[in-house]
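Below: the structure, in structure tokens.
Remember, predicted model here, so these are calculated numbers, not experimental data.
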Amino acid sequence: MKKVTMKVIAEEAGVSVATVSYILNNVNNQSISAETRERVMKAAQRLNYKRNLTALALKSGKSELIGVLLPDQTGEPYWARYRYSQALYHLGKHLNVAGYQLVVSYIDPQFSKLPILLERELDGVFILNASSSIFHRISKHYGVGIPIIGIDTSLDDPLFHTVVPDFEAGIEEAARRLGAEPQFLLIDHYVDHGMTEQIREMAGMDEKRMHVYSSASELEKFLAQYSGLPGVVINEFLCEQALRFDTAGRLAALCTSGCPELISGRAETVVFDADAYREAAEVMIQYIARPQDHYPNNHILQKIVHGETLA
């Protein structure tokens, strides 16, 4: 089989060989449009182009791999495995255009050989749904210069960026769509208790009117107290579960998993903008390209979407 060269890819994509080289070698100091990057990457894929990644990593000091770590916790609800499928899709889409590939792994934070699992050549890491202690336990295994971004963690540490939904705006929008003051709040099960506490503070309700999911039986028992009353549910999978027990209820779901279709027509939906994952990917790429620069920590908020759901 004839070897696929950068020249062949350039002819296929209608660009110069230099442009192909910049894109495939992830050179970030060139002004190349996202559309051109995507065209070149798709051409390389069609032609089944394969690089010697080991040699490339030795030459550049980069693996072009971004790790996504999800601490695997016992006692999580059934939807825990599906909760971040859209997040992974959007992160992967934006990072692929820049020449990076995602490496996704579920890990047991209590596993005695955790350091072995984490000793991989990665250019950056996303840690999803982790408590502060788990986050720091994982992050200490990566050296200086390996950027780490947390998703769905209340981490308050100037060394790291985090991606979190704008729950306050979401709850306000849910009340507006219900046309009434919510009488209760159902909160998804987060590994990070700090996230749960932040949501409780933002809701401004009596604690007795808020329920953190632990089991279907406890959920049914809680909902029996508010049958037919308006309420807000954080996460569409949890809302789907609640609809089984409160068929007369008026519910509004904050769709933190990006799957409003799951409950479409059966409850009000508040959708968060997936563009936050593009921003997170760009921050990651900036850190990798210029690790010597200082990027102040901030929460990358997933803002609510008014009107149609964004792809």
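L254 approaches A174 most closely through the heavy-atom pair CD1-CB, 3.9 Å. Looking at every heavy atom in both residues, P165 comes nearest to T256 through CG-CG2, 4.2 Å. In this structure, A267 and L243 approach most closely via the heavy-atom pair CB-CD1, 4.5 Å. Taking every heavy atom of both residues into account, I23 and R37 meet most closely at CD1-CA, 3.7 Å. Here the shortest heavy-atom pairing between A252 and L178 reads CB-CG, 3.8 Å. In this structure, S214 and H211 approach most closely via the heavy-atom pair N-NE2, 4.5 Å.
Looking only at side-chain heavy atoms (C-beta outward), L88 and V104 come within less than 4.5 Å of each other. Within the 4.5 Å cutoff, no side-chain heavy atoms of Q86 are placed close to those of Y277. Here the side chains of V270 and I171 are not in contact, with every heavy-atom distance at 4.5 Å or above. At least one side-chain heavy atom of F237 sits less than 4.5 Å from a side-chain heavy atom of S257. For the pair I288/Y100, a side-chain contact is recorded, criterion being any heavy-atom separation below 4.5 Å from C-beta on. Residues V68 and L128 meet the side-chain proximity criterion, which asks for heavy atoms closer than 4.5 Å. Contact annotation: the side chain of L301 approaches that of V164 to within less than 4.5 Å [non-hydrogen atoms, C-beta and beyond]. The closest side-chain heavy-atom distance from L219 to Q241 is below 4.5 Å.
When R46, K42, R39 are each tested for a salt bridge (Lys or Arg N to Asp or Glu O under 4.0 Å) with E12, only one passes: R46. Between D123 and the options I285, I66, L95, a side chain to side chain contact (heavy atoms under 4.5 Å, CB included) holds for only I66.
Atom CG in D192 sits 13.5 Å away from atom CD1 in I151 (nearest 0.5 Å). The CG atom of L155 sits 12.0 Å away from the NE2 atom of H161 when rounded to the nearest 0.5 Å. For the atom pair H90 NE2 and K93 NZ, the distance stands at 5.5 Å (nearest 0.5 Å). The CG atom of D273 sits 11.5 Å away from atom CG of D166, with the distance rounded to the nearest 0.5 Å. Atom-to-atom distance recorded for E268:CD and C255:SG is 10.5 Å, nearest 0.5 angstrom. Note that the CD1 atom of I300 and the CD atom of Q302 stand 10.0 Å from one another [nearest 0.5 Å].
Using a cut-off of 4.0 Å between Lys/Arg side-chain N and Asp/Glu carboxylate O, R244 and E220 are scored as not salt-bridged. Between E172 and R176 there is no salt bridge, since no side-chain N of the basic residue sits under 4.0 Å from a carboxylate O of the acidic one. Look at R83 and D152 and you find no salt bridge, because none of the NZ, NE, NH1 or NH2 atoms lies under 4.0 Å from a carboxylate O.
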Ignoring hydrogens and angles, write down the donor-acceptor pairs under 3.5 Å from the side chains of residues 222-230, residues two or more places apart or on other chains.
from: Q225; atom 1: NE2; to: F222; atom 2: O; distance (Å): 3.4

Side-chain donor-acceptor pairs of residues 194-208 under 3.5 Å, sequence neighbours excluded:
from: E197; atom 1: OE2; to: R200; atom 2: NH1; distance (Å): 2.8
from: D206; atom 1: OD1; to: K208; atom 2: N; distance (Å): 2.8

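Under the rule for a ring pair (Phe, Tyr, Trp, His ring centres under 6.0 Å), Y190 has no partner lying at least two apart in sequence or in another chain. By the side-chain contact (heavy atoms from CB on, under 4.5 Å) test, R278 pairs with H94, D275, E282, sequence neighbours left out. With sequence neighbours excluded, the residues forming a ring pair (Phe, Tyr, Trp, His ring centres under 6.0 Å) with F135 are F160, listed by chain and number.
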#### Entry: Intermediate values then yes/no, side chain to side chain contact (heavy atoms under 4.5 Å, CB included), L251 and V232
CA-CA 6 Å; L251 302 179; V232 177; over 6 Å; no
### Task
Show your reasoning for whether side chain to side chain contact (heavy atoms under 4.5 Å, CB included) applies to V20 and V15.
CA-CA 7 Å; V20 173; V15 299; 3.6 Å; yes
### Task
Start with the C-alpha distance between R81 and Y106, add both sets of side-chain angles, then the distance that settles side chain to side chain contact (heavy atoms under 4.5 Å, CB included), and finish with yes or no.
CA-CA 10 Å; R81 295 292 184 274; Y106 280 89; 3.9 Å; yes
### Task
Test L185 against R209 for side chain to side chain contact (heavy atoms under 4.5 Å, CB included), laying out the working first.
CA-CA 6 Å; L185 175 67; R209 293 196 286 143; over 6 Å; no
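One hydrophobic cluster, built from ILVMFWY side chains closer than 4.5 Å, holds both M284 and L70. Under a hydrophobic clustering in which Ile, Leu, Val, Met, Phe, Trp and Tyr are joined whenever their side-chain heavy atoms come within less than 4.5 Å, directly or via other members, I9 and V17 fall into the same cluster. No continuous path of hydrophobic side-chain contacts links W79 to V212 [ILVMFWY only; heavy atoms under 4.5 Å]. Linking ILVMFWY side-chain heavy atoms closer than 4.5 Å, directly or via other members, places V191 and I148 in a single hydrophobic cluster. Linking Ile, Leu, Val, Met, Phe, Trp and Tyr residues whenever their side-chain heavy atoms come within less than 4.5 Å leaves V233 and V305 in two separate clusters.
One N or O on the side chain of Y213 and one on the backbone of A216 form a donor-acceptor pair closer than 3.5 Å. Formation of a donor-acceptor pair under 3.5 Å by the R266 side chain with backbone atoms of L262 is found in this model. Counting only distance, with no hydrogens or angles, the side chain of D246 and the backbone of A242 share no donor-acceptor pair below 3.5 Å.
Other residues sharing the hydrophobic cluster of V97, ordered by chain and number and joined by side-chain separations under 4.5 Å: none, the residue standing alone.
In this structure, a donor-acceptor pair under 3.5 Å is absent between the side chains of N129 and T153.
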